[in-house]
Amino acid sequence: MSNNPCIDSVLAEIALPGQVTAVSIYSHHPNSASAPVAWARQLPAIGISAEELLLARPKIVLTGNLASGGTNAVLARAGIKTVALGVAPTIADDMQQIRTIAAVLDRVNAGEALISDIQESLPNTPFSGPSVSAIIWQNGGFVAGKGTLQDELLARHGFRNASAQYGLSSWGILPLETLMRNPPVVIFMPTHPHGSDAREMTARQKLLAHLGDRTRIVDFPDRLLFCGGQTIIKVSAILSKTRATFRQDMP
């Protein structure tokens with residue numbers, strides 16, 4: 001079983017029916033799921049507490065890196081095998097994680113097929129021309145900065161992550177007022193928000209409209225910020241389509 005939505009997204013692509021007995025609670029909700037929700041809802045949802053996992057009596061738990069919280073240690077003492085995977089900071093690291101998950105499931109060929117799909121979604125070579133300044137800006141002002149998977153994807157598609165110009169590190173919060181004073185050429189952000197975030201995001205879009213032609217707003221749902229795997233393919237499609245609308249020689 002898995003209690004991590006990023007692992008769920010890989011399992012949805014490579015696991016055989018019956019191999020997965022539970023998924024993360026986040027995978028049951030459209031706004032936080034990286035795996036197809038219809039697939040995830042066919043399976044029970046599980047949290048991250050040791051108590052929940054022990055009661056479920058899994059053979060193997062695929063999880064995020066929860067060792068610091070003691071959960072993995074508790075599972076180990078109970079004789080439950082645990083495979084802990086952290087947040088992949090690069091495309092290469094994400095592919096290695098896919099191989100790890102595939103090996104656990106004895107689905108090596110399926111894992112390689114997913115990796116091949118990811119590779120095909122990326123530009124054949126790293127972008128070498130002038131880059132276009134851009135930022136991935138999510139609910140609450142959350143930004144993926146340097147040293148993240150999203151930063152590498154921006155660069156591979158010909159964008160320059162503008163997070164550094166705002167003094168942000170790998171992950172940070174960018175206030176609207178700061179961005180308005182010095183906007184990038186492209187802002188990737190949710191443009192069709194739902195639920196409790198809808199009012200805040202609608203107000204944000206109205207203010208950003210005052211930037212006029214200086215900045216382009218491109219729809220980028222929050223769930224695309226969370227994981228690698230199949231999400232890389234979806235993000236690459238958005239970035240490729242957006243970059244193609246700019247001249248190759250644009251500064």
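Throughout, residue positions are numbered sequentially from 1 according to the sequence presented.
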- prompt: Is there a side-chain contact between Ser32 and Arg223, using heavy atoms and a 4.5 Å cut-off?
  reply: no
- prompt: Minimum heavy-atom separation for Leu75 to Leu54, with atom names?
  reply: CD2-CD2, 4.0 Å
query: Under the 3.5 angstrom rule, does the side chain of Glu152 hit a backbone N or O of Ile91 as a donor-acceptor pair?
result: yes
task: Apply side-chain contact (heavy atoms from CB on, under 4.5 Å) to the pair Leu225 and Ile136, showing each step before the final yes or no.
output: CA-CA 8 Å; Leu225 187 64; Ile136 299 175; 3.8 Å; yes
query: Tell me, do Arg160 and Val132 make a side-chain contact under 4.5 Å, heavy atoms counted?
result: no
query: Looking only at heavy atoms, what is the nearest atom pair of Leu168 and Ile173, with distance?
result: CD2-O, 3.7 Å
- prompt: Is Leu122 reachable from Leu149 through a run of hydrophobic residues whose side-chain heavy atoms are each under 4.5 Å from the next?
  reply: yes
query: To the nearest 0.5 Å, what is the distance between CG (Leu62) and SG (Cys6)?
result: 12.5 Å
- request: Could you please spell out the steps behind the side-chain contact (heavy atoms from CB on, under 4.5 Å) verdict for Val83 and Val61?
  value: CA-CA 6 Å; Val83 178; Val61 174; over 6 Å; no
message: I want to check something: taking the side chain as every heavy atom from C-beta on, are Pro190 and Pro221 in contact at a cut-off of under 4.5 Å?
response: no
For Val235 against Leu224, the heavy-atom pair lying closest together: CG2-O, 3.8 Å
- prompt: Under the 3.5 angstrom rule, does the side chain of Thr178 hit a backbone N or O of Leu174 as a donor-acceptor pair?
  reply: no
- request: Please tell me if the side chains of Asp117 and Ile233 come closer than 4.5 Å, counting only heavy atoms from C-beta onward.
  value: yes
- prompt: Are any of the side-chain heavy atoms of Leu114 and Gln230 separated by less than 4.5 Å?
  reply: yes
- prompt: So, Ser163 versus Asn161: side-chain donor-acceptor pair below 3.5 Å or not?
  reply: yes
Residue pair Ser170 / Lys146, side-chain heavy-atom distance below 4.5 Å: no
- prompt: Cation over ring, Arg216 on Phe188, under 6.0 Å and within 45°?
  reply: no
- prompt: Transitively linked via ILVMFWY side-chain contacts under 4.5 Å: Leu11 with Ile115?
  reply: yes
message: If you count every heavy atom of other residues, nucleotides or ligands that lies below 6.0 Å from Asn182 atom CG, does the total exceed 12?
response: yes
- prompt: Going by heavy atoms in the side chains, are Arg107 and Leu16 under 4.5 Å from each other?
  reply: yes
Thr21 OG1 to Ile46 CD1 distance, which is reported to the nearest 0.5 Å: 8.5 Å
field: Atom pair NZ (Lys234) and OG (Ser34), whose distance is rounded to the nearest 0.5 Å
entry: 7.5 Å
- request: Find the distance between CG (Asp94) and SG (Cys227) and round it off to the nearest 0.5 Å.
  value: 9.0 Å
task: Please tell me if the side chains of Thr148 and Val87 come closer than 4.5 Å, counting only heavy atoms from C-beta onward.
output: no
query: Does the side chain to side chain donor-acceptor pair (under 3.5 Å) test come out yes or no for Thr90 and Asp93, once each step is laid out?
result: CA-CA 5 Å; Thr90 68; Asp93 288 333; 3.0 Å; yes
task: Scan side-chain atoms only and decide if Ser49 and Glu52 contain a donor-acceptor pair under the 3.5 Å cut-off.
output: yes
- prompt: With distance as the sole test, does Ser240 use its side chain to make a donor-acceptor pair with the main-chain N or O of Ser236 at under 3.5 Å?
  reply: yes
- prompt: Counting N and O atoms only, with roles assigned by atom type, does the side chain of Thr215 sit under 3.5 Å from a partner on the main chain of Pro184, one being a donor and the other an acceptor?
  reply: yes
task: Determine whether the side chains of Ser2 and Asp8 contain a donor N or O and an acceptor N or O closer than 3.5 Å.
output: yes
- prompt: What are the two closest heavy atoms between Ala56 and Met1, and how far apart are they?
  reply: CB-CE, 3.5 Å
Nearest heavy atoms of Ala15 and Val20, plus distance in Å: CB-CG2, 3.7 Å
statement: On a heavy-atom basis, the closest approach of Ser133 and Val185 is OG-N, 3.0 Å
query: For the atom pair CZ (Phe226) and CG (Asn31), what is the distance rounded to the nearest 0.5 Å?
result: 8.5 Å
Joint cluster assignment, Ile14 & Val37, ILVMFWY side-chain distance < 4.5 Å: no
Joint cluster assignment, Tyr26 & Ile48, ILVMFWY side-chain distance < 4.5 Å: no
Check: Asn3/Thr63 side-chain N/O donor and acceptor closer than 3.5 Å: yes
field: Test side-chain contact (heavy atoms from CB on, under 4.5 Å) applied to Phe159 and Asp151, step by step
entry: CA-CA 9 Å; Phe159 293 99; Asp151 178 63; over 6 Å; no
field: Euclidean distance, His29 NE2 relative to Ile25 CD1, rounded to 0.5 Å
entry: 6.5 Å
message: Under the criterion side-chain contact (heavy atoms from CB on, under 4.5 Å), I'd like the reasoning laid out for Val23 against Ile7: C-alpha separation, chi angles, the key distance, then a yes or no.
response: CA-CA 9 Å; Val23 295; Ile7 294 172; over 6 Å; no
- request: May I ask whether Phe220 and Trp171 are part of the same hydrophobic cluster, defined by side-chain heavy atoms of I, L, V, M, F, W, Y residues being less than 4.5 angstrom apart, directly or through others?
  value: yes
